[in-house]
Amino acid sequence: MLRQQDVGHRIVVRRIVGIREGRPLFSDALGELVELSETHLTLATAQGPLRVPVAQVHRAKRVPPTRRPTAAAVVALERAANEAWPAPTRGRLGDWLLRSAEGWTGRANSALPIGDPDRPLPAAVDAVERWYAERGQPAMINTPLPLAAPVGAELDERGWTTRPPTLVQTASLPLPLAAVDLGGPDAAVVELATAPSADWLAIAAGRKGGLPDAARHVLTAVDQVRFAHGYVDGALAAIGRATVTGQGRWLGLSLIEVVPAARRQGLARRVIGELTAWGVSAGATHAFLQVEQRNTPAIALYRTLNFTTHHTYLTRVAPT
């Protein structure tokens, strides 16, 4: 049976659609799982959304994507994402990237093992452990899958733990206008700025558990970056951040956040719409974002904007 870890992935469902002569009639559905609850599951199929009561599900399982991205495509996207989230302290291990940002976010405090580390794999992991130990941090490695599966196998042998999977999702630009034009309070105004306001930073700090000095570098040290401020009745109610990296191809969306009192009114769509309009004007042709696999409400929202999973990654943490 399916689990929350399957949200955002392609699945096939055999469901009971009727009874004939005392025997059940079955129908199969194929699509991306966008929601899973105790009572229903929802698929995004080629014919549109399909909501299936769990009581009607006979069998369901994850299936491989129709086309896996090439290794080169995964590397290019991971490098664009690294540019969009730049750690202030960086190093290299051959082609591998080493990143540190005072512990603020896993992405900015982990090694990215793409390419050749210029030494045998066990020696490369040893070097990663030493680099982080010198900085007084736990060693972490982000492993894009299936590209970094050999690295993951080495870490398994060493007893490294695994954080919840993260989906790297992509969509072609522009996003569907009907999705971004509708919704949001009538009194909402979304403004873009080249720097975040103090109120913007306060909302981000609440989501990320504080903002050390290194966090400000991560947020702002990108040549092309915009910060969305969504106001309702003059008060900041939503934020978002967008970058253009990867030689101008990729619009990266991050920190899309709406304060609890203003949620479920379409404000996140308004923020995303303004940021993607800026990205298109800057020449970006595709968008990407990174979302934890367990964040099913966000995945459901992004699916309505045509985002699909490009690949996944696991953040691995060295044993203490």
Side-chain angles (χ1 to χ4, degrees), residues 2-11 30-36 41-46 48-49 62-85 105-107 112 114 142-148 163-176 179-180 207 228 240-246 249-258 268-269 271-280 284-315:
L2 300 172
R3 299 175 296 171
Q4 288 296 331
Q5 293 94 315
D6 298 308
V7 173
H9 292 274
R10 191 164 174 257
I11 68 167
L30 180 67
E32 183 176 325
L33 181 64
V34 296
E35 182 184 18
L36 178 63
L41 59 85
T42 303
L43 290 81
T45 73
R62 191 192 298 190
V63 295
T66 52
R67 289 184 298 175
R68 285 187 174 180
T70 64
V74 172
V75 169
L77 181 49
E78 285 290 335
R79 292 197 183 280
N82 178 68
E83 294 173 30
W85 203 254
T105 74
R107 276 181 282 169
L112 182 60
I114 53 176
N142 272 8
T143 55
L145 298 176
L147 180 68
R163 290 185 175 177
T166 296
L167 309 181
V168 181
Q169 298 201 315
T170 61
S172 298
L173 293 178
L175 299 181
V180 298
R207 173 175 174 176
R241 174 181 177 270
T243 57
V244 174
T245 59
R249 179 189 181 191
W250 288 104
L251 172 75
L253 297 172
S254 60
L255 287 170
I256 308 298
E257 181 74 10
V258 179
R269 293 176 183 272
V271 166
I272 293 171
E274 292 295 331
L275 290 172
T276 54
W278 167 75
V280 170
T285 58
H286 294 77
F288 78 89
L289 53 85
Q290 297 173 334
V291 57
E292 282 195 359
Q293 190 169 263
R294 60 187 176 183
N295 190 352
T296 52
I299 292 170
L301 166 64
Y302 300 142
R303 175 64 201 180
T304 67
L305 301 176
N306 285 353
F307 280 90
T308 57
T309 299
H310 185 270
H311 65 277
T312 64
Y313 72 76
L314 298 175
T315 299

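Just the heavy atoms: all of them, side chains too, but no hydrogens, waters or symmetry mates, feed the values below.
- At least one side-chain heavy atom of F307 sits under 4.5 Å from a side-chain heavy atom of L175.
- A distance-only check finds no donor-acceptor pair linking the side chain of R269 to the backbone of L301 [under 3.5 Å].
- Across every non-hydrogen atom of V291 and A298, the tightest pair is CG2-CB, 4.0 Å.
- Note that CG of L147 and OG1 of T312 are 11.0 Å apart. Values are rounded to the nearest 0.5 Å.
- From L255, atom CG reaches atom CZ of R207 across 5.5 Å, with rounding to the nearest 0.5 Å.
- Taking the six-membered ring for Trp and thresholds of 30 and 60 degrees, H286 and W250 have ring planes inclined between 30 and 60 degrees apart.
- Side-chain contact check for L253 versus I272: some heavy-atom pair is nearer than 4.5 Å.
- Between F288 and A84 the shortest heavy-atom distance is CZ-CB, 4.1 Å.
- Atom CG of L77 is separated from atom CG of N82 by 11.5 Å, given to the nearest 0.5 angstrom.
- If you take CG on N142 and CG on L112, they are separated by 6.5 Å, rounding to the nearest 0.5 Å.
- Note that CG of L41 and CD1 of I11 are 5.5 Å apart. Values are rounded to the nearest 0.5 Å.
- When atom types are taken as modelled, the side chain of T143 and the backbone of L314 share a donor-acceptor pair closer than 3.5 angstrom.
- When all heavy atoms of A242 and L251 are compared, the pair lying nearest together is CB-CD1, 3.7 Å.
- Between T308 and R303, some side-chain heavy-atom pair lies under the 4.5 Å cut-off.
- Here the side chains of L173 and T285 are not in contact, with every heavy-atom distance at 4.5 Å or above.
- Considering only heavy atoms from C-beta on, V271 stays 4.5 Å or farther from E257 through its side chain.
- Between G240 and L275, the shortest heavy-atom contact is C-CD1, 3.8 Å.
- Side-chain atoms of Q293 do not come within 3.5 Å of backbone N or O of P164 as any donor-acceptor pair.
- There is a side-chain donor-acceptor pair under 3.5 Å between W85 and T105.
- We find the OG1-CD distance between T166 and E292 to be 5.0 Å, quoted to the nearest 0.5 Å.
- Across L43 and L30, no two heavy atoms sit closer than the pair CD2-C, 4.1 Å.
- The minimum heavy-atom distance linking Q290 with A81 is given by the pair NE2-CB, 3.7 Å.
- Considering only heavy atoms from C-beta on, E78 comes within 4.5 Å of H311 through its side chain.
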